[in-house]
Peer 1: 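Please find one structure pasted underneath; my questions will follow.
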Amino acid sequence: MRWSRAFIPTLREDPAEAEAISHRLMVRAGLVRQLAAGIYVYLPMGQRVIDKINRILREEIDAIGGQEMTMPVLHPAEIWQTSGRWHDIKEEMFRLKDRNQRDMCLGMTHEEVIAWLASREIRSYRELPQIWYQIQTKERDEARPRSGVLRTREFWMKDSYTLDVDEAGLGKAYDLHKEAYARIFGRCGLTFYVVESDPGMMGGAGAHEFMAPSPAGEDEIARCPACGYAANIELARSVPAPTPAAAGPREEVATPGVRTIAELAGFLGVEPAQTIKTLLSVAPDGPVLVLVRGDQQLHEKKLARLLKAEVRPAHPDEVRETLGAPVGSVGPMGARVPILADEALRDGVYVAGANREGYHLRGVRPGTDFTVTTFADLHVAQAGEGCPQCGKPIVVERVIEVGNIFKLGTKYSVPLKAVYLDEHGRERPIVMGSYGIGPARIAAAAIEQHHDADGIIWPWAIAPLQVHILPVNVKDAAMLETAEALGRDLQAAGLETLLDDRDERPGVKFKDADLLGLPIRVTVGALLAREGKVEVRTRRERQDIPVPAAAVVERVRELAERLAR
RNA sequence: CGGGGCGUGGCGCAGCCUGGUAGCGCACCUGCCUUGGGCGCAGGGGGUCGCUGGUUCAAAUCCAGUCGCCCCGACCA
């Protein structure tokens with residue numbers, strides 16, 4: 001490929017709207033352009049990266065028995081009404097009507113279509129298992145698209161679905177995907193973790209996410225470097241340090257003006273961990289009192305999961321109405337609503353609000369002084385707390401979710417009547433799994449993990465092209481001819497090349513080469529006339545190695561082998 | 001949906017507070033020059049200042065509305 005005839009619109013400066021590193025570099029290197037919030041055009045270099053990733057996806061999913069198909073983006077409302085998600089999902093689904101006023105929507109995912117297909121075509125256990133997949137765009141009206149290509153309203157997704165006769169079959173299909181995913185992300189050059197995740201509205205029995213660590217990520221995980229425990233922060237467990245012992249009888253103390261845990265601890269000279277944080281939450285069935293230790297944060301997702309319902313914090317006037325005291329002075333004593341307490345509060349003696357404005361109680365023992373309806377894990381796991389498996393300190397990291405796998409079970413097959421006859425002639429629902437990977441997120445995560453101040457450093461397997469040939473001065477006939485000859489030779493050797501034949505100053509071309517980040521660069525410059533040599537360097541090491549022109553293919557091959565690992 | 005910010009040639013920005021008819025850098029075009037890290041000189045093209053309405057003799061500038069984009073939070077199958 002010749003740069004002079006290619007469309008690679010690089011930018012000298014960072015675009016104003018781009019914040020995340022991958023966003024800035026993808027725009028500056030001419031990979032993508034934004035059409036609207038969360039809607040992107042993939043330019044030729046960006047498309048090549050996506051193609052490379054998709055090729056790896058196809059190879060690995062095919063290898064576990066996946067069969068590629070293509071499903072529609074436009075769906076009739078019926079199948080979504082049947083599964084119940086037409087109503088469960090709100091503004092996030094793009095909805096429209098056709099000319100006959102029939103309800104339609106744009107596909108956010110394809111469980112319904114798969115279940116519909118299976119319901120019509122699968123009859124017998126003899127036809128199972130199946131692994132079906134597609135690589136296609138998904139449409140979701142995201143509340144807030146952000147970080148360039150990391151969270152968009154239209155995005156590519158490799159989504160596969162498994163159909164099995166029973167849970168055991170699903171387990172096998174699930175494990176096959178888990179292994180395939182690890183190979184995929186490894187091949188793409190990503191550092192990643194496999195973490196336990198919340199199945200959420202996908203429903204079902206189990207789920208994992210594949211997470212690429214990066215400060216640009218939107219999710220957090222807790223993991224244990226010692227034993228390998230890893231989970232999304234939404235369900236990560238942790239063992240907080242024991243509550244410091246406290247002596248003294250139960251007594252009411254005046255705490256004028258104290259509103260926060262920090263103020264309370266400071267005022268009374270106790271540790272935050274020796275206090276109880278009392279929060280009133282409102283669930284559909286009414287208010288509940290939620291207690292966490294003063295040094296902990298309530299995780300609303302955990303609370304919602306426990307109550308199996310959406311919850312919201314109570315308004316200050318609701319707090320006063322329910323407990324007879326303002327927010328800063330409330331506590332569990334005497335409360336006439338269900339009390340949910342974090343497990344860290346099973347033991348210990350605490351300071352808690354007295355439900356009387358300006359007063360707190362010392363010497364409060366949960367379970368003794370008041371009745372806890374349910375003890376549960378309700379706190380946010382924090383760095384340094386104990387691993388739930390081995391007790392060693394956990395770490396908390398920001399990550400980009402690059403893939404997820406769900407055990408769906410029969411959540412979609414039952415309503416959509418995707419059933420088969422087993423060997424005894426009994427009708428049974430198909431057991432499903434669903435598995436997603438976002439190719440654009442892989443690309444962005446790779447950039448987040450592999451870049452320097454000057455640009456992208458592409459992992460070999462997903463680089464748009466492999467070798468950047470850079471004649472320093474194209475008006476020098478010998479340089480240009482040598483560069484062209486090298487391009488032909490390298491291509492003949494099976495390598496993908498970009499020849500920067502533009503009549504630009506060397507500095508401009510060097511900067512662009514660093515920005516685009518092809519793994520290997522061959523510079524044809526003054527050394528050619530002097531010694532008959534050109535220079536070969538890797539983008540990562542940036543160390544020029546003089547090589548006789550005739551030995552370039554050999555040298556590049558060696559480097560390629562090393563870079564491809 | 002709550003909070004904050006920004007819309008001025010292709011890109012990045014100044015001008016706005018204190019109204020007087022638009023400027024800088026880069027990019028682009030022409031010529032000369034230069035060629036190992038975003039050269040130099042000279043000349044040139046390109047903008048209804050997001051949109052609508054209002055105030056005013058006069059609006060990029062003041063007022064109202066509206067649209068778009070970004071960031072934080074909520075949300076996220």
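Everything numeric in this text was worked out from a predicted model, so none of it was measured. So you know, we letter chains A, B, ... as the sequences are listed, proteins then strands, and number each from 1. Values below: every heavy atom of this structure, side chains too, minus hydrogens, waters and symmetry copies.
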Peer 1: Check residues 27-39 of chain A and write down every donor-acceptor pair under 3.5 Å in which the side-chain atom is one partner and the other belongs to a residue at least two apart or another chain.
Peer 2:
| unit_1 | atom_1 | unit_2 | atom_2 | d |
| --- | --- | --- | --- | --- |
| R28(A) | NE | L11(A) | O | 3.1 |
| R28(A) | NH2 | R12(A) | O | 3.2 |
| R33(A) | NH1 | V27(A) | O | 2.8 |
| R33(A) | NH2 | P9(A) | O | 2.8 |
| Q34(A) | NE2 | Y40(A) | OH | 2.9 |

Peer 1: Across the strands shown, which category fits K138(A) at heavy-atom distances under 4.0 angstrom: base, sugar-phosphate, nothing?
Peer 2: nothing
Peer 1: Which part of the nucleic acid does A18(A) contact within heavy-atom distance under 4.0 Å: base, sugar-phosphate only, or nothing?
Peer 2: nothing
Peer 1: Mind checking side-chain hydrogen bond (donor to acceptor under 3.5 Å, both in side chains) for K277(A) and listing every partner two or more places apart, or none if nothing turns up?
Peer 2: none
Peer 1: R146(A) has a side chain; which of G12(B), G73(B), A77(B) sits nearest to it?
Peer 2: G73(B)
Peer 1: Does E196(A) reach the main-chain N or O of G206(A) with its side chain, forming a donor-acceptor pair under 3.5 Å?
Peer 2: no
Peer 1: Return the set of residues passing side-chain hydrogen bond (donor to acceptor under 3.5 Å, both in side chains) with E112(A) (not counting sequence neighbours), or none when no residue passes.
Peer 2: S83(A), R85(A)
Peer 1: When the side chains of residues 312-320 of chain A are checked against the rest of the protein, which donor-acceptor pairs come out under 3.5 Å, sequence neighbours left out?
Peer 2:
| unit_1 | atom_1 | unit_2 | atom_2 | d |
| --- | --- | --- | --- | --- |
| R312(A) | NH1 | E318(A) | OE1 | 3.1 |
| R312(A) | NH2 | E318(A) | OE2 | 3.1 |
| E318(A) | OE1 | H315(A) | N | 2.7 |

Peer 1: Determine the interatomic distance between P on G31(B) and the same-named atom on G36(B); round to the nearest Å.
Peer 2: 23 Å
Peer 1: Do T152(A) and E154(A) pair up side chain to side chain, a donor and an acceptor below 3.5 Å, judged on atom types alone?
Peer 2: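 No.
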Peer 1: Base contacts versus sugar-phosphate-only contacts with protein, heavy atoms under 4.0 Å: please encode nucleotides 34-39 of chain B as B, S and - from 5' to 3'.
Peer 2: BBBBBB
Peer 1: Tabulated below should be each protein N or O lying under 3.5 Å from an N or O of nucleotides 2-9 of chain B; please produce it.
Peer 2:
none

Peer 1: Please work out if A37(A) contacts a base, only the sugar-phosphate, or nothing of the nucleic acid, heavy-atom cut-off 4.0 Å.
Peer 2: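 Counting heavy atoms under 4.0 Å across all strands, the contact made by A37(A) is with sugar-phosphate only.
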Peer 1: For C69(B), what is the paired nucleotide under Watson-Crick or G-U wobble rules, both distances under 3.5 Å?
Peer 2: G5(B)
Peer 1: Any luck finding a side-chain donor-acceptor pair between Y174(A) and H208(A) under 3.5 Å?
Peer 2: yes
Peer 1: E218(A) near the nucleic acid: base, sugar-phosphate alone, or nothing, with a heavy-atom cut-off under 4.0 Å?
Peer 2: nothing
